[in-house]
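Proteins come first, then strands; the chains are lettered A, B, ... in the order of their sequence lines, and each starts at number 1.
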Number of protein chains: 2
Amino acid sequence: MQARELLQQHIAKTASLTEEQFEYLFSFFTPMSLKKGQTIISEGDKVDCEYFVVSGCLKAFFINDEIKMYILQFAMPTWWTSDYAALYNGTKATIHIDCITDAEILCLSNSDREKLCSALHPVEHFFRWRTNRGYIASQKRLLSLMNNDAKKRYEELLAQYPQLYNLVPKHLIAAYLGVSRETLSRLHTGQH
Amino acid sequence: MQARELLQQHIAKTASLTEEQFEYLFSFFTPMSLKKGQTIISEGDKVDCEYFVVSGCLKAFFINDEIKMYILQFAMPTWWTSDYAALYNGTKATIHIDCITDAEILCLSNSDREKLCSALHPVEHFFRWRTNRGYIASQKRLLSLMNNDAKKRYEELLAQYPQLYNLVPKHLIAAYLGVSRETLSRLHTGQH
DNA sequence: GGGGTTACGTGATGTACATCACATTCGGTT
DNA sequence: AACCGAATGTGATGTACATCACGTAACCCC
């Protein structure tokens, strides 16, 4: 599906925009094509944009002591990603974002988003709802991390996103779950 | 400080409302006085409202197998709390909220919030920013939970909210950090 | 298509934390 | 002041997971 059409349908789920309004909104987005392994944000970067994923899969991750990696988010089509702390506070990036597969994305700068939110009430509504869903998902993951062991978390993840099993290497799934790759390899959940 | 004044100042930080607009907004809030130990939301309840804390301290927590408790949030003055997953999805509550101390709160129903967001663009802006800050804080906590040991998390919590040390019992702090009360008691961070 | 990097599996061992058990202290109630 | 339950400290022991070490299989890629 075309980037434009995908974004339009995605927004239409929570906000009603006229064709003209969407045209205006879409004019602020910059499309980009990315190769597997390509970096979008590195720690220490100035962060200007957030990204809407059209195709492919990105990962947003944190690196501790240049040794351990923790994945905050796998970003798949229709998902948004960025270093939001850096983007909203105007601070330097503390996380990295790169491509797990080839990907197409749409970039929206922080200032353009704010301009759009001011200009079009429905757009502000859309972004409130989007953040809201992210917040709720994040709270849920927090609880799961405190309450469940590695095996349960793995099963939950695969139940919710079965496509991850074949799409991303296991050591990245381990980094998302917060366990070592060796531990993940020993779980044996009955999947193949 | 009066509830009304506190809410007004709180909102003014991110949205400009005329006195008249704020008057309209405030008319949708219902004040409540609560006693220490009093329950606001129990697991299984229908959730209609979110709550703005005027004074006192609440806790939002999850109970696993009727044994273990995990605290999602300590809600202090000018903080908002509810079971947002239940509130937004119209599902039954999966968490509990009660009072750690006597407290005053302002209640806003889900439908009234949506009504206000539609009627007043600046109010929608305010709620977008509020959720945004919550999302960023939640991501930060997720990283801290994966990346830091119990002692480091305890020190971070006390650095950010020193008042918690004397305000809430240690076993609740342990439940927030995701460790047992015994482990917390053995940390010895140099605090008093 | 051989060579090197990356992914994955699995044993041995170490460690942070949970759990159980019990003692002690604190805070509120009559 | 005396009491009782809640909160806290601390030892002994168990366990989930990390870490280290090594082997093998899969995937690029000149």
Enquirer: Using atom CG of B/Leu187 as one end and atom P of C/dC17 as the other, report the distance to the nearest whole Å.
Expert: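 In whole Å, C/dC17 P and B/Leu187 CG are 8 Å from each other.
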
Enquirer: Check whether any side-chain nitrogen or oxygen of B/His171 sits under 4.0 Å from OP1 or OP2 of D/dA6, and answer yes or no.
Expert: no

Enquirer: May I have the distance from B/Leu164 (atom CG) to D/dA7 (atom P), rounded to whole angstrom?
Expert: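 Whole-Å distance recorded here is 16 Å.
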
Enquirer: Write down the distance between CZ (B/Arg153) and P (C/dA16), rounded to a whole number of angstrom.
Expert: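 My rounded result for the distance is 13 Å.
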
Enquirer: Provide a list of protein-nucleic acid N or O atom pairs under 3.5 angstrom, restricted to nucleotides 13-15 of chain C.
Expert:
none

Enquirer: Taking only the side-chain heavy atoms of A/Asp149 (C-beta and beyond), determine which of D/dA16, D/dG9, C/dA7 contains the nearest atom.
Expert: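 The closest nucleotide is D/dA16.
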
Enquirer: So that I can tick it off, tell me whether A/Asp112 and A/Lys115 are bridged by a salt bridge, with the cut-off set at under 4.0 angstrom between side-chain N and carboxylate O.
Expert: yes

Enquirer: Rounding to 10 degrees, work out the angle separating the end axes of the helix from C/dG1-D/dC30 to C/dT30-D/dA1 (five pairs an end).
Expert: 50°

Enquirer: Figure out the CG/P separation between A/Leu177 and D/dA16, and round it to whole Å.
Expert: 17 Å

Enquirer: In the 5'-to-3' direction, what one-character label does each nucleotide of nucleotides 18-28 of chain C receive under the scheme B = base within less than 4.0 Å of a protein heavy atom, S = sugar-phosphate only, - = no such atom?
Expert: BBB--------

Enquirer: Whole Å only: how far is the NZ atom of A/Lys170 from the P atom of D/dA25?
Expert: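 Rounded to whole Å, this separation is 18 Å.
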
Enquirer: Specify the separation, in whole Å, of atom CG of B/Leu172 and atom C1' of D/dT8.
Expert: 13 Å

Enquirer: Compute the ring centroids of A/Phe52 and A/Phe29, then answer whether they are less than 6.0 Å apart.
Expert: no

Enquirer: Please indicate whether B/Glu20 has more than 12 foreign heavy atoms, meaning atoms of other residues, nucleotides or ligands, lying under 6.0 Å from its CD.
Expert: no

Enquirer: Where does the angle between the aromatic ring planes of A/Phe61 and A/His96 fall among parallel (under 30°), tilted (30 to 60°) and perpendicular (over 60°)?
Expert: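 Geometry flag for A/His96 against A/Phe61: parallel rings.
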
Enquirer: Taking A/Lys140 first and then A/Glu156, would you say they form a salt bridge - that is, a charged N and a carboxylate O separated by under 4.0 Å?
Expert: no

Enquirer: Under 4.5 Å between any side-chain heavy atoms of A/Cys107 and A/Met32, yes or no?
Expert: yes

Enquirer: Please state how far atom NZ in A/Lys35 lies from atom P in D/dC28, giving the value in whole angstrom units.
Expert: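 After rounding, the reported distance stands at 13 Å.
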
Enquirer: Testing B/Phe22, B/Phe28, B/Phe26 one by one against B/Tyr24 for a ring-ring contact (aromatic ring centres under 6.0 Å, His included), which residue passes?
Expert: B/Phe28

Enquirer: For the side chain to side chain donor-acceptor pair (under 3.5 Å) test, which of A/Gln73, A/Glu50, A/His10 pairs with A/Trp80?
Expert: A/His10

Enquirer: With a cut-off of under 6.0 Å to the ring centre and 45° to the axis, is A/Arg133 in cation-pi contact with B/Tyr88?
Expert: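 Pair A/Arg133/B/Tyr88 does not count as cation-pi.
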
Enquirer: Provide, to the nearest angstrom, the distance between the CG atom belonging to A/Asn148 and the P atom belonging to D/dC17.
Expert: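 These atoms are roughly 11 Å apart.
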
Enquirer: Using a strict 4.0 Å threshold on nitrogen-to-oxygen distance, state whether B/Arg4 and B/Glu104 make a salt bridge.
Expert: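 Salt bridge flag = no for B/Glu104 with B/Arg4.
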
Enquirer: So that I know where these two stand, are A/Tyr161 and A/Tyr165 an aromatic pair - ring centroids less than 6.0 Å apart?
Expert: no

